[in-house]
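Nothing here was measured: the structure is a model prediction, and the numbers come from that model.
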Amino acid sequence: TLADEEERRLLQRYASRPSAKLLETFTAEQTNRYEAFRCSIFKKTVIKKILLAITKGINKQIIICVAGMAKLYVGELVEEAKTVMTNWGDTGAMRPTHIREAYRRIRSKQFSNACFNKSSILK
(Lines give C-alpha, C1' and ligand atoms only; values in the text may rest on other atoms or scores of the structure.)
Protein backbone atom coordinates (compact mmCIF):
# COMPACT_ATOMS: atom_id res chain seq x y z
CA THR A 1 0.00 0.00 0.00
CA LEU A 2 0.94 3.64 -0.24
CA ALA A 3 1.36 3.99 3.55
CA ASP A 4 3.74 1.00 3.65
CA GLU A 5 5.77 2.44 0.78
CA GLU A 6 5.99 5.80 2.54
CA GLU A 7 7.12 4.09 5.75
CA ARG A 8 9.80 2.12 3.87
CA ARG A 9 11.01 5.34 2.24
CA LEU A 10 11.36 7.03 5.61
CA LEU A 11 13.20 4.07 7.09
CA GLN A 12 15.64 4.05 4.17
CA ARG A 13 16.15 7.79 4.56
CA TYR A 14 17.13 7.44 8.23
CA ALA A 15 18.74 3.99 8.06
CA SER A 16 22.27 5.38 8.28
CA ARG A 17 21.51 7.20 11.52
CA PRO A 18 21.85 5.70 15.02
CA SER A 19 18.12 6.26 15.60
CA ALA A 20 17.23 3.89 12.74
CA LYS A 21 16.50 1.02 15.13
CA LEU A 22 14.12 3.22 17.05
CA LEU A 23 12.33 4.27 13.86
CA GLU A 24 11.70 0.62 13.01
CA THR A 25 9.57 0.30 16.16
CA PHE A 26 7.37 3.30 15.31
CA THR A 27 3.80 2.89 14.14
CA ALA A 28 2.75 4.67 10.94
CA GLU A 29 1.24 7.53 13.00
CA GLN A 30 4.41 7.91 15.07
CA THR A 31 6.54 7.90 11.92
CA ASN A 32 4.40 10.64 10.38
CA ARG A 33 4.65 12.75 13.55
CA TYR A 34 8.42 12.23 13.69
CA GLU A 35 8.79 13.31 10.07
CA ALA A 36 6.67 16.40 10.70
CA PHE A 37 8.77 17.22 13.77
CA ARG A 38 12.00 16.86 11.79
CA CYS A 39 10.75 19.13 9.01
CA SER A 40 9.27 21.84 11.24
CA ILE A 41 11.28 24.96 12.05
CA PHE A 42 10.88 28.33 13.68
CA LYS A 43 11.87 31.20 11.42
CA LYS A 44 15.17 32.59 12.58
CA THR A 45 14.09 36.15 11.77
CA VAL A 46 11.19 35.87 14.21
CA ILE A 47 13.42 34.40 16.92
CA LYS A 48 15.95 37.18 16.29
CA LYS A 49 13.28 39.89 16.71
CA ILE A 50 12.14 38.36 20.01
CA LEU A 51 15.70 38.10 21.30
CA LEU A 52 16.49 41.67 20.24
CA ALA A 53 13.52 42.85 22.29
CA ILE A 54 15.06 41.17 25.35
CA THR A 55 18.77 41.76 24.88
CA LYS A 56 21.16 43.59 22.58
CA GLY A 57 23.97 41.13 22.03
CA ILE A 58 22.98 38.03 20.10
CA ASN A 59 24.72 35.85 17.56
CA LYS A 60 23.71 33.13 15.12
CA GLN A 61 24.43 30.29 17.57
CA ILE A 62 22.13 31.77 20.20
CA ILE A 63 19.32 32.13 17.65
CA ILE A 64 19.73 28.49 16.59
CA CYS A 65 19.81 27.33 20.21
CA VAL A 66 16.65 29.26 21.17
CA ALA A 67 14.84 28.03 18.05
CA GLY A 68 15.78 24.45 18.95
CA MET A 69 14.60 24.84 22.54
CA ALA A 70 11.32 26.36 21.33
CA LYS A 71 10.82 23.41 18.99
CA LEU A 72 11.39 20.95 21.85
CA TYR A 73 9.00 22.85 24.10
CA VAL A 74 6.25 22.85 21.48
CA GLY A 75 6.81 19.11 20.97
CA GLU A 76 6.46 18.54 24.72
CA LEU A 77 3.33 20.70 24.80
CA VAL A 78 1.72 18.75 21.95
CA GLU A 79 2.54 15.40 23.57
CA GLU A 80 1.03 16.56 26.86
CA ALA A 81 -2.05 17.84 24.97
CA LYS A 82 -2.44 14.41 23.38
CA THR A 83 -2.30 12.90 26.88
CA VAL A 84 -4.98 15.35 27.99
CA MET A 85 -7.15 14.31 25.04
CA THR A 86 -6.76 10.64 25.99
CA ASN A 87 -7.50 11.32 29.66
CA TRP A 88 -10.62 13.26 28.79
CA GLY A 89 -11.76 10.65 26.26
CA ASP A 90 -11.75 13.14 23.39
CA THR A 91 -11.05 12.16 19.80
CA GLY A 92 -10.43 14.07 16.61
CA ALA A 93 -8.47 17.26 16.27
CA MET A 94 -6.66 18.85 19.18
CA ARG A 95 -8.55 21.83 20.58
CA PRO A 96 -7.30 24.94 22.37
CA THR A 97 -8.67 23.59 25.67
CA HIS A 98 -6.33 20.60 25.37
CA ILE A 99 -3.35 22.86 24.75
CA ARG A 100 -4.25 25.18 27.63
CA GLU A 101 -4.59 22.24 30.01
CA ALA A 102 -1.29 20.81 28.78
CA TYR A 103 0.37 24.19 29.38
CA ARG A 104 -1.11 24.34 32.88
CA ARG A 105 0.18 20.83 33.67
CA ILE A 106 3.67 21.58 32.38
CA ARG A 107 3.81 24.84 34.35
CA SER A 108 2.66 23.12 37.55
CA LYS A 109 5.34 20.43 37.11
CA GLN A 110 8.00 23.11 36.58
CA PHE A 111 6.82 25.03 39.63
CA SER A 112 6.80 21.96 41.86
CA ASN A 113 10.27 20.98 40.63
CA ALA A 114 11.57 24.50 41.34
CA CYS A 115 10.11 24.44 44.85
CA PHE A 116 11.58 21.00 45.49
CA ASN A 117 15.03 22.08 44.33
CA LYS A 118 14.98 25.24 46.47
CA SER A 119 13.94 23.36 49.60
CA SER A 120 16.70 20.78 49.11
CA ILE A 121 19.29 23.56 48.74
CA LEU A 122 18.17 25.24 51.96
CA LYS A 123 18.53 22.05 54.04
Side-chain angles (χ1 to χ4, degrees):
T1 66
L2 185 60
D4 292 336
E5 182 60 36
E6 180 69 16
E7 193 171 342
R8 274 194 293 274
R9 183 188 65 77
L10 288 173
L11 287 174
Q12 288 173 350
R13 182 175 175 182
Y14 296 109
S16 63
R17 297 181 180 175
S19 60
K21 291 187 191 292
L22 178 65
L23 284 173
E24 292 173 0
T25 64
F26 282 0
T27 64
E29 180 185 352
Q30 288 171 325
T31 304
N32 289 338
R33 281 192 289 156
Y34 177 74
E35 182 68 18
F37 176 78
R38 295 272 306 163
C39 293
S40 64
I41 60 167
F42 283 96
K43 291 183 180 180
K44 290 179 180 48
T45 55
V46 174
I47 299 293
K48 184 177 181 179
K49 283 181 185 178
I50 293 169
L51 289 174
L52 285 173
I54 298 169
T55 185
K56 294 184 184 206
I58 58 170
N59 60 33
K60 192 173 184 177
Q61 289 83 11
I62 292 174
I63 295 169
I64 292 169
C65 181
V66 170
M69 290 186 327
K71 184 175 174 178
L72 290 174
Y73 183 76
V74 169
E76 182 181 344
L77 186 66
V78 168
E79 286 300 317
E80 188 66 33
K82 288 181 72 57
T83 302
V84 168
M85 284 180 64
T86 303
N87 291 346
W88 290 357
D90 293 342
T91 58
M94 194 178 299
R95 296 192 311 264
T97 56
H98 301 129
I99 296 170
R100 282 191 289 272
E101 176 62 16
Y103 177 77
R104 187 196 64 76
R105 289 182 184 186
I106 290 171
R107 289 285 298 194
S108 68
K109 286 178 192 174
Q110 290 172 345
F111 180 75
S112 65
N113 287 341
C115 290
F116 177 75
N117 290 337
K118 285 180 183 176
S119 65
S120 64
I121 291 172
L122 296 175
K123 290 183 180 179

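If you chain together hydrophobic residues whose side chains sit under 4.5 Å apart, Val78 and Val84 never meet in one group.
Smallest separation of non-hydrogen atoms from Ala81 and Met94: CB-SD, 3.4 Å. Here the closest heavy-atom approach between residue Glu80 and residue Arg105 is recorded as OE2-CD, 3.3 Å.
Contacts of Leu77 classified as side chain to side chain contact (heavy atoms under 4.5 Å, CB included), with partners at least two apart in sequence or in another chain: Ile99, Ala102, Tyr103, Ile106. When the side chain to side chain contact (heavy atoms under 4.5 Å, CB included) test is applied to Lys43, the partners found at least two apart in sequence or on another chain are Thr45, Val46. Applying the side-chain hydrogen bond (donor to acceptor under 3.5 Å, both in side chains) criterion to Arg33, with sequence neighbours excluded, gives Glu79. Legend: residues meeting salt bridge (charged side-chain N to carboxylate O under 4.0 Å, His left out) with Lys82, ordered by chain and number and at least two apart, are Glu29.
From Glu101, atom CD reaches atom CG of Asn87 across 9.0 Å, with rounding to the nearest 0.5 Å. How far CG of Asn32 is from CD of Glu35: 8.5 Å, rounded to the nearest 0.5 Å.
In summary, Glu76 and Lys109 do not engage in a salt bridge, as defined by a charged side-chain N under 4.0 Å from a carboxylate O.
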List, one per line, each side-chain donor-acceptor pair under 3.5 Å for residues 47-70, sequence neighbours excluded.
from, atom 1, to, atom 2, distance (Å)
Asn59, OD1, Gln61, N, 3.2
Asn59, OD1, Ile62, N, 3.0

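Judged as a ring pair (Phe, Tyr, Trp, His ring centres under 6.0 Å), the pairs with a partner in residues 37-88 (not counting sequence neighbours) are, in order, Trp88-His98.
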